[in-house]
**Student:** 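Sharing a structure here in structure tokens format.
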Amino acid sequence: MASDTCTLTQAQHSAIQTACQQLAPSWPLDQMIAVSPYWPMRHERIEQVSARLSALAGISMLMPESDYLDWYRRGLISPQALRTALAESGLGLNVDELIQTIEQSEEKLPWQSLSALLDEHRARHKMAWRDEIIHQISQFCAAHFQQAQPMLHREHSQAQPDLYAHWLVVSQRDRGLSIVLDEPDLHRYFKQLPDDPNALIAEALSTLGVQDEQVELYAHALLLDIGGWGAWVAYLRWQGELNGEPHDQMLDLLAIRMAWELVLWRYQQAHFPTFFTTLEHSWKQSLGRLQNLPAQHQTQQKPLWVWARAAELSYQQQLHHALSSPVNTSAHPIQCQAAFCIDVRSEIYRRALEAQSDGVQTMGFAGFFGLPLSYQPQQADVNRPQCPGLLLPSLVATHAQSDKHSAASLNAQARWQGFSKSATSSFSMVESAGWLDTFKLLKKAFFASEQAHPVDKLANRQDWSLTQNGEELSARQKAELAAGVLHAMGFEQFAPTVLLVGHGSHSTNNLQEAGLGCGACGGQSGEVNVKVLAWLLNDKAVRTELQALGVEIPEQTRFIAALHNTTTDHLRCYGEQPGTEIMSWLQSATAAAQKERAAKLDEQLVDADREALDQALIARSLDWSQTRPEWGLANNAAFIVAPRSWTRGIDLQGRSFLHDYQWQHDPDFKVLETIMTAPMLVTHWINMQYNASTTDNLHFGSGNKVLHNAVGGNIGVFEGNGGDLRTGLAMQSLHNGHDWMHQVQRLSVYLAAPKSAIKEITARHDVVKQLIDNEWLYVFQWQETGEISRFYQQRWWPVSAAQISQDEEQKIVQCL
């Protein structure tokens, strides 16, 4: 064992820490929520981050030029938008010259690590060093973190095993590495590695000759090599910080990746001295290119950013035109109110429901309905969050009466599922299950039926208990909670029937099903949240306390919990049912929404009658072989924060998140501040995950879902049986086999609020300011007259939906 003699300098330590903060988290399968993989780099301009990732790992944040040209030819990018984007860019090109420049440009290759350089000289019959390294690290991480999984559910009472130390022990004992890699004595070099990860990194930097100014980029490049496991480590760090028990293993992961570079260097030096001279020269050249490479990639990408901006402008101009008419505020007696999640899939159903009657009012609010809770079935060893990943649940919802039989069954299922998904269970699971499991598989294949999540089966009761820090909430505390939710949702009056509509997806044989659920509910359905809120608002004691708080709910008003199945567009009501007329409206809205979605799901369904279409969508949700049960949030493009009356009647094509807000009822703008610092960030995350999975599915997507295998029970998926942990969306969630179902563009946010309030809130929150000023999203102020202005770099810029002249294009250049 080598002695730990090398130490990191202050400059090296700072650079390493910076690099270790550059990877975004990825949530486990049963809580799969959308995350922007660029989130930790939001303090830089988006073009700089794009160039950096391209230079370090060949990651693309832009579509290929062929796709942009195709969109242009199909009219998805308008000539006027392209002229405007060109004028903004300052490239001094016309459209023809832009196309010619892209077609003639040479692709800039990414930086090469030592293992990548070695692959250029490796024998053809041998596996590439880089691929084998990723495979070896990934297999180790899968085993290590599966062992650590139980500790995540013990209230963080025990520290997880040290990642680097565990890897070092395993690697030093694994004599099979030399055999598998066909490199005699390779395993001996692992015994020379230091015990401490900091010492390892210092020794590697010194041996490989990495200069202080190169350390951050070098470390970041190595982490991107194993970005999937880096995302899991970032998730564990995120959870630790939320729980006030930070535990960061990113440096350990970096040390493991860097240890392989050091081992290969020493192995080549000792066994192939002649070749090593050439390798050393190539390595010095590679390091010398490292610092200047991001700037070179940024220059090369400028024409592509013109196309990206033109695609965004084309959509914005169409939307601005739709929103530019003065608002019609004529009022009608309201018979039914329906509050939906802001999810883009809800927009289609809301529009269909509103078309049934002027007496229907729909509202939009984040799908956890302001309840930061976790769900804990009594007597069960299950506790799952039902709120956004940005939040730590502060409330626990459980049932007032326990169901010991169902809870015991759930515990047994949880233990059996954990066994069945473990790394070593493939054959033992089948042997233990025997012919009984074979019968179950055949039954599901030929007699498909709806399969509810075992936890959701316990949520069918109507009586609930809410606790905080182990104490039951009083009627007054419940009323204060309810009053805050009602204020945030913008209730001015209450109809006789108020539907609280959560949403969930249903598909079969889909490891990423949670990714189709409600992101605001932690990847679950919103069923628990709407049931708890309806229970609160119907409680007589709570209503009495609400009166004392100035909230008057008419005695005849009934809140009904409901769930929108986004796969079939069925809407199910729980407990007390709405009247016959409202049920008829819901059924007609389901049929209309199904009809609108059918064209994107299957062309053969377009001409189907109402009953046939309904049955086809149900069958689709139960089909084990169906890889595209629904399109989720694909093609999301806008987040509109305004009264629903402003957008009612406008076909937003299922591309807009809709959040109700009326600034006149928000005198201190606290609600607006919450929207801009929570739902706006969540919608940005969703938008960026879909963008990243589309532009670079290899690095930020999960490939072919047919090949998915669960890792560590619940951690994530492999595509096949190895490689890096895959994060993001599968190709089947983005592409229909012929065309992309998601058009890549940054989120356009429209806020119906005073300019001064938007500006002040932005100034108070660095995160919001970074997203706006570094152009990770667009923020527009929308007035009741239809006037729209863009907020950027702390200034306001007028926006016109009309076609602009060349003189006006020059004005835009001067402004931007």
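In this chain, residues are counted from 1 in sequence order.
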**Student:** Looking only at side chains, do Q732 and N704 share a donor and an acceptor under 3.5 Å apart?
**Tutor:**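 Yes, side-chain donor-acceptor contact under 3.5 Å.
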
**Student:** Does one side chain, of N687 or H684, offer a donor that lies under 3.5 Å from an acceptor on the other?
**Tutor:** no

**Student:** Is it true that R52 and E216 make a salt bridge, defined as a side-chain N closer than 4.0 Å to a carboxylate O?
**Tutor:**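 Answer for the salt bridge query: yes.
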
**Student:** Are side-chain heavy atoms of R42 and V49 found at a separation under 4.5 Å?
**Tutor:** no

**Student:** For the CD atom of Q745 and the CD atom of Q743, what is their distance to the nearest 0.5 Å?
**Tutor:** 5.0 Å

**Student:** Using 30° and 60° as the class limits, which term best fits the ring planes of W232 and F145: parallel, tilted or perpendicular?
**Tutor:** perpendicular

**Student:** Ignoring hydrogens, what is the shortest heavy-atom contact between G723 and H135? Give both atom names and the distance.
**Tutor:** N-ND1, 3.6 Å

**Student:** Take S54 and Q301, measure what side-chain contact (heavy atoms from CB on, under 4.5 Å) needs, and give me the verdict at the end.
**Tutor:** CA-CA 10 Å; S54 175; Q301 289 181 353; 3.4 Å; yes

**Student:** How far does OG1 of T101 sit from CD of E65, to the nearest 0.5 angstrom?
**Tutor:**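 Answer for the OG1-CD pair, T101 versus E65, is 11.5 Å.
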
**Student:** Check this for me: R289, atom CZ, are more than 12 non-hydrogen atoms of other residues, nucleotides or ligands nearer than 6.0 Å?
**Tutor:**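 Yes, the 6.0 Å shell around CZ holds more than 12 heavy atoms from other groups.
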
**Student:** Quick one, L69 and W307 - any side-chain contact, counting heavy atoms below 4.5 Å?
**Tutor:**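 L69 vs W307: side chains touch.
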
**Student:** Flag the pair T727 / P37 as yes when at least one side-chain heavy-atom distance between them is below 4.5 Å, and no otherwise.
**Tutor:**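 Side-chain contact under 4.5 Å: no.
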
**Student:** Answer yes if the side chains of W305 and S89 hold a donor-acceptor pair under 3.5 Å, and no otherwise.
**Tutor:** no

**Student:** Set out, in order, the CA-CA distance, both residues' side-chain angles and the distance that settles ring pair (Phe, Tyr, Trp, His ring centres under 6.0 Å) for F700 and Y38, then state yes or no.
**Tutor:** CA-CA 10 Å; F700 294 137; Y38 320 118; 5.6 Å; yes

**Student:** Applying side chain to side chain donor-acceptor pair (under 3.5 Å) to E120 and Q112, what does each step give before you reach the verdict?
**Tutor:** CA-CA 10 Å; E120 294 183 354; Q112 289 182 297; 2.8 Å; yes

**Student:** Counting distance only, does the side-chain N/O of T695 pair as donor-acceptor with the main-chain N or O of N691 below 3.5 Å?
**Tutor:** yes

**Student:** Can you tell me how far the OG1 atom of T278 sits from the CH2 atom of W283, to the nearest 0.5 Å?
**Tutor:** 16.0 Å

**Student:** With side-chain contact (heavy atoms from CB on, under 4.5 Å) as the test, would you mind laying out the steps for M63 and T694 before giving the verdict?
**Tutor:** CA-CA 8 Å; M63 296 297 287; T694 303; 3.9 Å; yes

**Student:** Where is the tightest heavy-atom contact between L392 and L242, given as atom of each residue plus distance?
**Tutor:**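 Heavy atoms only, the tightest pair is CD2-O, 3.2 Å.
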
**Student:** Checking Q172 side chain against F190 main chain: does a donor-acceptor pair fall under 3.5 Å?
**Tutor:**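 Yes, Q172 side chain to F190 backbone: donor-acceptor pair under 3.5 Å.
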
**Student:** Search all heavy atoms of L777 against all heavy atoms of I772 and return the closest pair with its distance.
**Tutor:** CD1-CG1, 4.0 Å

**Student:** Would you say D252 and H166 are linked by a side-chain donor-acceptor pair, where the criterion is simply a distance under 3.5 Å?
**Tutor:** no

**Student:** Would you mind reporting whether D185 and H271 have side-chain heavy atoms less than 4.5 Å apart?
**Tutor:**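 A side-chain contact exists here, since the closest heavy-atom pair is under 4.5 Å.
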
**Student:** Any non-hydrogen side-chain atom of R237 less than 4.5 Å from a side-chain atom of Q249?
**Tutor:**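 Sidechains of Q249 and R237: no contact.
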
**Student:** Can you tell me how far the CG atom of L98 sits from the CG atom of L93, to the nearest 0.5 Å?
**Tutor:** 6.5 Å

**Student:** As an exercise, state the distance from CG of L287 to CD of Q211, rounded to the nearest 0.5 Å.
**Tutor:**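 One gets 8.0 Å once the value is rounded to the nearest 0.5 Å.
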
**Student:** Say you draw a straight line from CG of L293 to CG of L217; how long is it, rounded to the nearest 0.5 Å?
**Tutor:**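 Reported to 0.5 Å precision, the distance equals 9.5 Å.
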
**Student:** On a heavy-atom basis, which atom in L117 and which in S286 lie closest, and how many Å separate them?
**Tutor:** CD1-CB, 4.1 Å

**Student:** In plain terms, say whether R130 and D119 are close enough for a salt bridge, that is, a side-chain N and a carboxylate O under 4.0 Å apart.
**Tutor:** no

**Student:** Taking all heavy atoms of D195 and all of Y164, pick out the closest pair and write down the distance.
**Tutor:** O-CE2, 3.2 Å

**Student:** Can you give the donor-acceptor pairs under 3.5 Å from side chains of residues 253-269 to other protein atoms, not counting sequence neighbours?
**Tutor:**
{"residue": "R257", "atom": "NE", "partner": "D225", "partner atom": "OD2", "Å": "3.3"}
{"residue": "R257", "atom": "NH1", "partner": "E261", "partner atom": "OE2", "Å": "3.0"}
{"residue": "R257", "atom": "NH2", "partner": "S115", "partner atom": "OG", "Å": "3.0"}
{"residue": "R257", "atom": "NH2", "partner": "D225", "partner atom": "OD2", "Å": "2.9"}
{"residue": "R257", "atom": "NH2", "partner": "E261", "partner atom": "OE2", "Å": "3.3"}
{"residue": "E261", "atom": "OE1", "partner": "L114", "partner atom": "N", "Å": "2.9"}
{"residue": "E261", "atom": "OE2", "partner": "S115", "partner atom": "N", "Å": "3.4"}
{"residue": "E261", "atom": "OE2", "partner": "S115", "partner atom": "OG", "Å": "3.1"}
{"residue": "R266", "atom": "NH1", "partner": "E203", "partner atom": "OE2", "Å": "3.2"}
{"residue": "R266", "atom": "NH2", "partner": "E203", "partner atom": "OE2", "Å": "2.5"}
{"residue": "Y267", "atom": "OH", "partner": "E183", "partner atom": "OE1", "Å": "3.1"}
{"residue": "Y267", "atom": "OH", "partner": "P184", "partner atom": "O", "Å": "3.0"}

**Student:** So that I can tick it off, tell me whether D766 and K769 are bridged by a salt bridge, with the cut-off set at under 4.0 angstrom between side-chain N and carboxylate O.
**Tutor:** no

**Student:** Flag the pair F718 / R726 as yes when at least one side-chain heavy-atom distance between them is below 4.5 Å, and no otherwise.
**Tutor:** no

**Student:** What heavy-atom pair brings L29 and A710 nearest, and what distance separates the two atoms?
**Tutor:**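 Residues L29 and A710, closest heavy atoms: CD1-CB, 4.4 Å.
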
**Student:** Please test L290 against L56 for side-chain contact (heavy atoms from CB on, under 4.5 Å), starting from the C-alpha separation and ending with a verdict.
**Tutor:** CA-CA 8 Å; L290 183 56; L56 296 184; 3.8 Å; yes

**Student:** Look at the side chain of Q146 and the backbone N and O of C141, then say whether any donor-acceptor pair between them is shorter than 3.5 Å.
**Tutor:**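 No; judged by distance alone, with no hydrogens or angles, the pair does not exist.
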
**Student:** Taking the side chain as every heavy atom from C-beta outward, state whether I715 and P28 have any atom pair closer than 4.5 Å.
**Tutor:** no

**Student:** Any donor-acceptor pair under 3.5 Å linking the side chain of T683 with the backbone of M680?
**Tutor:**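 Flag set: sc T683 to bb M680 pair under 3.5 Å.
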
**Student:** Looking only at side chains, do E132 and Q136 share a donor and an acceptor under 3.5 Å apart?
**Tutor:**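 Note: E132 and Q136 side chains meet the donor-acceptor criterion.
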
**Student:** Under 3.5 Å, is there a donor-acceptor pair between the side chain of D696 and the main chain of S60?
**Tutor:**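 Yes, because the side chain of D696 sits within donor-acceptor range (under 3.5 Å) of the backbone of S60.
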
**Student:** Please determine whether side-chain contact (heavy atoms from CB on, under 4.5 Å) holds for the pair S113 and L222, giving the CA-CA distance in whole Å, both sets of side-chain angles, and the decisive distance to 0.1 Å.
**Tutor:** CA-CA 8 Å; S113 64; L222 292 184; 4.2 Å; yes

**Student:** For S36 and Q689, does a side-chain donor sit closer than 3.5 Å to a side-chain acceptor?
**Tutor:**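 Their side chains do not contain a donor-acceptor pair, so the 3.5 Å distance test is not met.
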
**Student:** Just wondering, do Y792 and Y778 contact through their side chains at under 4.5 Å, heavy atoms?
**Tutor:**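 Answer no - side chains too far apart.
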
**Student:** For N721, does the CG atom sit with more than 12 other heavy atoms under 6.0 Å from it, leaving out its own atoms?
**Tutor:** no

